[in-house]
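Naming: A, B, ... by sequence-line order, numbering from 1 per chain. Just so you know, these numbers use all the heavy atoms, side chains as well, and skip hydrogens, waters and symmetry mates.
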Number of protein chains: 2
Amino acid sequence: MLTIGELSRQTGVKIPTIRYYEQMGLMDAAERSEGNQRRYTREEQDRLSFIRHARDLGLTIEAIRKLIDLSAHPERPCADADRIASEQLQAVRAKIEKLKRLESELERIATHCHGDQVKDCYVIRALANHELCEHEH
Amino acid sequence: MLTIGELSRQTGVKIPTIRYYEQMGLMDAAERSEGNQRRYTREEQDRLSFIRHARDLGLTIEAIRKLIDLSAHPERPCADADRIASEQLQAVRAKIEKLKRLESELERIATHCHGDQVKDCYVIRALANHELCEHEH
DNA sequence: CTTGTAGCTCTAGTTGCTAGAGGTGTTACG
DNA sequence: CGTAACACCTCTAGCAACTAGAGCTACAAG
């Protein structure tokens with residue numbers, strides 16, 4: 001059995017975050033010691049690693065909850081799990097696209113300032129005047 | 001003079017968000033009508049467009065506040081404005097890099113599921129088992 | 001003059017944590 | 001066996017950047 005601190009070190013999830021996941025129902029309420037401290041099993045460590053990995057991939061707590069429900073019913077079709085992963089992939093791709101557009105605009109803004117006073121500053125002017133932008137956002 | 005609703009339509013910033021920006025000190029407290037309703041000038045519309053543009057680019061409220069302070073002092077050197085834009089550019093690039101790594105992992109996860117029950121599902125297994133990952137995150 | 005839309009303030013909720021206060025449990029050393 | 005150091009407990013509040021709702025008032029058109 002692991003203490004919460006050991007579990008934290010094993011998984012890289014901070015202690016208050018573990019308690020928060022318990023509160024949110026992602027982790028089952030842990031067994032307790034005589035003195036009311038949480039004690040964790042290997043399975044619970046695996047569950048937490050799963051959660052951590054999914055969070056790193058940007059899945060919401062809600063999505064993770066669904067995946068956990070799914071994995072508790074191994075006989076069900078896995079189309080739902082597939083869908084969650086695909087939706088996440090779409091979301092990530094959309095974010096990348098959006099950020100790339102921002103990148104090119106910021107690049108333009110940040111490298112074009114040749115005045116040395118704010119009144120001539122391209123950064124300020126570009127932010128004030130949307131028309132200097134090359135595309136919509 | 002514009003009402004808050006007109007200002008909202010002109011700039012694409014929602015009404016409660018405009019009031020929130022006022023509260024946060026990004027917008028000066030607006031002039032009021034007899035009946036205590038906010039009335040805005042052209043300059044205030046420009047200011048709000050500036051804020052909106054900067055927010056779209058991912059700048060924090062804090063960063064925007066600094067830029068507004070800068071633009072109120074046109075005689076100052078614009079190195080600070082440059083720095084804010086460059087920092088934002090760095091942050092955006094870092095995010096893109098991270099998201100690309102996630103994209104390739106999700107791609108792998110979302111396209112590899114050939115079982116049709118959860119017990120064989122690659123999505124679930126990949127999330128449970130970090131070793132299936134190609135790189136660290 | 002009335003009706004409908006738009007505005008007002010204030011409070012609380014969202015997501016995914018993180019920090020702090022104030023108290024208790026556990027363990028290692030002497 | 002006592003005590004010091006550290007880990008753990010619960011609870012509340014805070015973060016960013018809004019968003020939603022309640023309960024009220026203002027304004028413009030017909």
Side-chain angles (χ1 to χ4, degrees), chain A residues 1-27 29-40 44 47-68 84 87-88 91-92 95 98 102, chain B residues 1-27 29-40 44-45 48 50-68 84 87-88 91-92 95 98 102 137:
Chain A
M1 300 291 263
L2 301 160
T3 66
I4 198 168
E6 286 159 354
L7 181 66
S8 171
R9 258 165 271 130
Q10 296 290 324
T11 56
V13 178
K14 288 185 192 148
I15 291 170
T17 306
I18 297 173
R19 293 198 275 246
Y20 169 76
Y21 288 158
E22 181 181 313
Q23 213 184 301
M24 292 299 101
L26 291 191
M27 295 289 287
E31 215 178 299
R32 298 295 178 118
S33 72
E34 295 276 295
N36 198 36
Q37 299 193 350
R38 289 170 179 84
R39 291 297 122 96
Y40 293 94
E44 288 174 307
R47 159 87 63 107
L48 185 55
S49 298
F50 176 105
I51 295 167
R52 160 112 222 246
H53 193 180
R55 283 294 301 132
D56 282 350
L57 292 173
L59 299 183
T60 63
I61 300 265
E62 241 333 275
I64 296 170
R65 209 196 311 275
K66 278 181 209 151
L67 288 176
I68 289 172
I84 290 170
E87 279 171 11
Q88 188 55 22
V92 166
K95 271 191 204 157
K98 201 173 165 226
L102 299 190
Chain B
M1 297 293 262
L2 302 160
T3 66
I4 198 168
E6 287 159 356
L7 182 65
S8 171
R9 256 166 271 130
Q10 296 291 323
T11 57
V13 178
K14 290 187 190 146
I15 291 171
T17 306
I18 297 173
R19 293 198 274 246
Y20 169 76
Y21 288 158
E22 181 181 314
Q23 212 184 302
M24 291 298 101
L26 291 191
M27 295 292 285
E31 215 179 297
R32 299 293 179 121
S33 72
E34 296 275 295
N36 197 35
Q37 301 193 348
R38 290 171 179 82
R39 291 296 122 98
Y40 293 94
E44 289 175 305
Q45 183 181 331
L48 186 55
F50 176 104
I51 294 168
R52 158 115 223 242
H53 194 179
R55 283 292 301 132
D56 281 349
L57 292 172
L59 297 183
T60 64
I61 301 264
E62 241 333 274
I64 297 169
R65 209 196 311 275
K66 278 183 209 153
L67 289 175
I68 289 172
I84 290 170
E87 280 171 10
Q88 188 57 22
V92 166
K95 269 189 207 159
K98 202 175 163 226
L102 298 189
H137 47 204

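In terms of modelled atom types and a separation under 3.5 Å, the side chain of B:Arg38 and the main chain of B:Leu2 share no donor-acceptor contact. Side-chain atoms of B:Arg55 never come within 3.5 Å of backbone atoms of B:Ile64 as a donor-acceptor pair (strictly under, hydrogens ignored).
The OG1 atom of B:Thr11 sits 4.0 Å away from the CG atom of B:Leu48 when rounded to the nearest 0.5 Å. Rounding to the nearest 0.5 angstrom, the gap separating the OG1 atom in B:Thr17 from the CE atom in B:Met27 is 12.0 Å. Note that CD1 of A:Ile84 is 8.0 Å distant from CG of A:Leu59, once rounded to the nearest 0.5 Å.
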Review item, nucleotides 1-6 of chain D N/O atoms under 3.5 Å of protein N/O:
none

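Atom-to-atom, CE of B:Met24 to C1' of D:dC18 comes out at 10 Å; the value is rounded to the nearest Å.
Other residues, nucleotides and ligands place no more than 12 heavy atoms under 6.0 Å from the CD atom of A:Glu31.
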Fill in: Pair A:Arg47-A:Glu44, salt bridge (Lys or Arg N to Asp or Glu O under 4.0 Å): steps then yes or no
CA-CA 5 Å; A:Arg47 159 87 63 107; A:Glu44 288 174 307; over 6 Å; no

Practice prompt. Encode nucleotides 2-22 of chain C as B, S and - characters from 5' to 3', where the letter depends on protein heavy atoms closer than 4.0 Å: B to the base, S only to sugar-phosphate, - to neither.
Written response: -----SSB------BBS----

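Sorted by first and then second residue, the salt bridge (Lys or Arg N to Asp or Glu O under 4.0 Å) pairs with a member in residues 9-19 of chain B form an empty list; sequence neighbours excluded.
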